[in-house]
There are 2 protein chains.
Amino acid sequence: MTTLPIGQVSEQSGVKVPTIRYYEQIGLLPTPPRTEGNRRLYDGDDLKRLAFIRHARELGFDVGAIKALLSLQDHPEQSCSEADAIARSRLVEVRERISRLRALERELERMADHCEHTGTVAACHVIETLADPTHRHGRLDD
Amino acid sequence: MTTLPIGQVSEQSGVKVPTIRYYEQIGLLPTPPRTEGNRRLYDGDDLKRLAFIRHARELGFDVGAIKALLSLQDHPEQSCSEADAIARSRLVEVRERISRLRALERELERMADHCEHTGTVAACHVIETLADPTHRHGRLDD
DNA sequence: ATAGGTCCTCTAGTCACTAGAGAAGCAAGA
DNA sequence: TCTTGCTTCTCTAGTGACTAGAGGACCTAT
């Protein structure tokens, strides 16, 4: 089984060294074993976990939400209803994000296309694109 | 034309009062006119702008990215190529986020469905769902 | 054995808020 | 008009999630 020092894990996961230590400190990463000389040793699972955390953070999930998601992974023995509740509530959030991002995507596409075809700047309506779906009157995109 | 005090704007936009003042301070919001008694006065445009900022932040865009998006809206006279560059680079980012969120959505759906149908906890593979598309071998989900 | 790199802990700084203190403004009733 | 209570004002300090730096230990290669 391959083990990696923190620098390698950092490089391969895209998470900076101090951030990895920080994640350990706040309990997002398990405390890894150490060498004789007190250096942290990681394995492939840690690598994947870190990459997951990085992407989830980039998508705007806070540490609490990420902990909840990882707990699904970490505790397959937990009650079905509990896991289900976590998965479902995250699912609602994820779907809302997707629909907002799609609206923004369409607006940016429209602007880029307009520019390409006419050589002029399109009126920009990005502000409308992220309107709160729960407050909207029109239909929601699919 | 209706004007609103900061408290109303806060309530209707979902952005807290100190946060609104903070956005003014860092230049995300224009400095509003004041009453005789030195209180800020906002209008409907400010309201929309604030709601946009809130949603964009929730989606994980940082202030710099939001400024760039708002600049498209604010400066229709700017060069086409500049606006286009901003729109296109945001577009790439937005599409990547969408595809990752969709992968996560599918995994959460799978888990919720599994629980519903079998009454047992599904093996959770959320970690795999956000893998870096640029490092993946399989095809990307549209 | 020593030079250069990686790692250690600890403290402090950054970004984007968020909460609190203390004072001034304003609206409504006694 | 005065006062009670709410909103707003500015300013300072605290939070969450990093991020950078100091000072020192470890480790590899020559």
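Throughout, a chain's letter reflects where its sequence line sits, starting with A, and its residues are numbered from 1.
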Report summary line: Span of DNA chain D engaged by chain B, first through last nucleotide within the 4.0 Å heavy-atom cut-off, is D:dT7 to D:dT10

Query raised in the report: So what does B:F61 hit on the nucleic acid, given a heavy-atom distance under 4.0 Å: a base, only sugar-phosphate, or nothing?
Result: nothing

Requested in this report: Please state how far atom CZ in A:R57 lies from atom P in C:dA16, giving the value in whole angstrom units.
Outcome: 13 Å

Requested in this report: Can you run down the salt bridge (charged side-chain N to carboxylate O under 4.0 Å, His left out) pairs that involve residues 10-20 of chain A, sequence neighbours left out, and say none if there aren't any?
Outcome: none

Query raised in the report: Whole-Å distance between C:dC17 C1' and B:D62 CG?
Result: 14 Å

Query raised in the report: Considering residues at least two apart in sequence or located in another chain, which fulfil the salt bridge (charged side-chain N to carboxylate O under 4.0 Å, His left out) criterion with B:R57?
Result: none

Query raised in the report: In whole angstrom, what separates A:E11's CD from C:dG5's P?
Result: 15 Å

Requested in this report: Scan for side-chain hydrogen bond (donor to acceptor under 3.5 Å, both in side chains) pairs involving residues 60-71 of chain B, sequence neighbours excluded, and state none if there are none.
Outcome: none

Report task. Using the test side chain to side chain contact (heavy atoms under 4.5 Å, CB included), find all partners of A:D113 that sit at least two apart in sequence or belong to another chain. Result -> A:E116, A:H117

Query raised in the report: Quick one: is C:dC17 close enough that its OP1 or OP2 comes under 4.0 Å of any side-chain N or O from B:T19?
Result: no

Query raised in the report: For B:D74, what residues pass the salt bridge (charged side-chain N to carboxylate O under 4.0 Å, His left out) criterion, not counting sequence neighbours?
Result: B:R49

Could you list the protein-to-nucleotides 7-9 of chain C atom pairs, N/O on both sides, closer than 3.5 Å?
unit_1	atom_1	unit_2	atom_2	d
C:dC7	OP1	A:G7	N	2.9
C:dC7	OP2	A:G7	N	3.3
C:dC7	O4'	A:R39	NH1	3.2
C:dC8	OP1	A:R40	N	2.8
C:dC8	OP1	A:R40	NH1	2.9
C:dC8	OP2	A:R21	NH1	2.4
C:dC8	OP2	A:R40	NH1	3.4
C:dC8	O3'	A:R34	NH1	3.4
C:dT9	OP1	A:R34	NH1	3.3
C:dT9	OP1	A:R34	NH2	3.2
C:dT9	OP2	A:R40	NH1	3.0
C:dT9	OP2	A:R40	NH2	2.9

Query raised in the report: Excluding sequence neighbours, so at least two apart, what forms salt bridge (charged side-chain N to carboxylate O under 4.0 Å, His left out) with B:E105?
Result: A:R95

Query raised in the report: Nearest-Å distance, OH (A:Y22) to C1' (C:dA12)?
Result: 15 Å

Report task. Could you tell me which residues satisfy side chain to side chain donor-acceptor pair (under 3.5 Å) with B:D45, sequence neighbours excluded, listed by chain and number? Result -> none

Query - Set of side chain to side chain donor-acceptor pair (under 3.5 Å) partners for B:Q73, sequence neighbours left out - result: none

For residues 18-31 of chain A, please give each side-chain donor-acceptor pair under 3.5 Å, one per line with the distance, not counting sequence neighbours.
unit_1	atom_1	unit_2	atom_2	d
A:E24	OE1	A:R40	NE	2.7

**Report entry** A:L41 CG - C:dT6 P separation (whole Å)
**Finding:** 17 Å

Requested in this report: Could you tell me whether the side chain of A:I6 reaches within less than 4.5 Å of the side chain of A:Y42, counting heavy atoms only?
Outcome: yes

Report summary line: So, with a heavy-atom separation below 4.0 Å from DNA chain D, the residues of residues 24-32 of chain B are none

Query raised in the report: Are any of the side-chain heavy atoms of B:D43 and B:L4 separated by less than 4.5 Å?
Result: no

